[in-house]
Every structure is written in structure tokens, then in C-alpha cells.
Amino acid sequence: MADTSDIRTPAQIEADIRRRREVLAETLDEIGVRVHPKTIMGDAKAKVASSVDHTLGRAYVQVNRVVSDVKSRFVDEEGAPRLERVVPVALVVVGVVGLLTLGTRRRKG
């Protein structure tokens, strides 16, 4: 015996075809938008910007960590300078600057 539940009228078949055409048209429009060069470039720019933001964020955290570590070596918990560490570094800096100054004067003269 034939199953009569699968029998559709021509109007039902035409309506189904119209619906499928609309879905197909929407799908093709979406594909067209996705493969459009502006969309591809926009996606690429967004990925690069996200990557740069992530890299800069990690770099900022690392630099902040280093600065805090260096600061903790030269400043105590109360914010006062640790003279036993600041003075030797200052003397080394003054010495290096002095040597560089003498070296450039000798080359000019």
C-alpha cells in the first residue's frame, strides 16, 4: 500500500520551492559578503589589531614588573630612597658620563 502522507499538492510543492529559493538566496548573499575583499581585509585587520593589543598588553605587564622590581631595589616600603644602593649607582653613572665626556674632548682636540 502507498503511504498517502507524502502526497503534496502542486501548490505545496511550489511553496516549498519558493522557500528553498529564498533560503538559497540568503545563503548566497551571506557567502558573497564573507568572500568580499573588504570583508576579508576587515577580518585580517581585526586579527592583527587583536594580536598587537595582546602583545602590547603582555609587554606592558612585563615592563611594569621590571620597573617595580628595580624600584623596590632603590626605594623601601615607605617610599624612602635606600641610600646604600642609590649612592653607588649614582657614582658609577657620574663616572661613566665623565669618562665619555673626556673621551669626546680628546677626539675633538
List the atom pairs, with distances to 0.1 Å, where a side-chain N or O of residues 56-70 and a protein N or O form a donor-acceptor pair under 3.5 Å, not counting sequence neighbours.
residue	atom	partner	partner atom	Å
Gln62	OE1	Arg65	NH1	3.2
Ser68	OG	Asn64	O	3.0
Asp69	OD2	Arg73	NH2	3.4

ILVMFWY cluster membership beyond Met41 - transitive side-chain contacts under 4.5 angstrom | none
With sequence neighbours excluded, residues passing side chain to side chain contact (heavy atoms under 4.5 Å, CB included) with Ile13 | Arg8, Ile17
For Val23, all residues meeting side chain to side chain contact (heavy atoms under 4.5 Å, CB included), sequence neighbours excluded = Thr27
Contact summary for Pro88 and Leu83, nearest pair of heavy atoms | CD-O, 3.9 Å
With sequence neighbours left out, the residues meeting side chain to side chain contact (heavy atoms under 4.5 Å, CB included) with Arg20 are Asp16
What pairs meet the side-chain hydrogen bond (donor to acceptor under 3.5 Å, both in side chains) rule with one or both residues in residues 30-45, with sequence neighbours excluded?
-> Glu30-Arg34
The side chain to side chain contact (heavy atoms under 4.5 Å, CB included) partners of Val93 (sequence neighbours excluded) come to Val89, Val97
Quick one: which residue pairs count as a side-chain hydrogen bond (donor to acceptor under 3.5 Å, both in side chains) with a foot in residues 46-55, not counting sequence neighbours?
-> none
Here the pair of heavy atoms bringing Val35 nearest to Ile40 is O-CD1, 3.5 Å
Members sharing Val96's hydrophobic cluster, built from side-chain contacts under 4.5 Å between Ile, Leu, Val, Met, Phe, Trp and Tyr, are Val92, Leu100
Under the salt bridge (Lys or Arg N to Asp or Glu O under 4.0 Å) test, which residues partner Glu77, sequence neighbours left out?
-> Arg82
Determine which pairs satisfy side-chain hydrogen bond (donor to acceptor under 3.5 Å, both in side chains) with at least one residue from residues 84-103, sequence neighbours left out, and list them in order.
-> none
In terms of heavy-atom contacts, Gln12 and Thr9 come closest through OE1-N, 2.8 Å
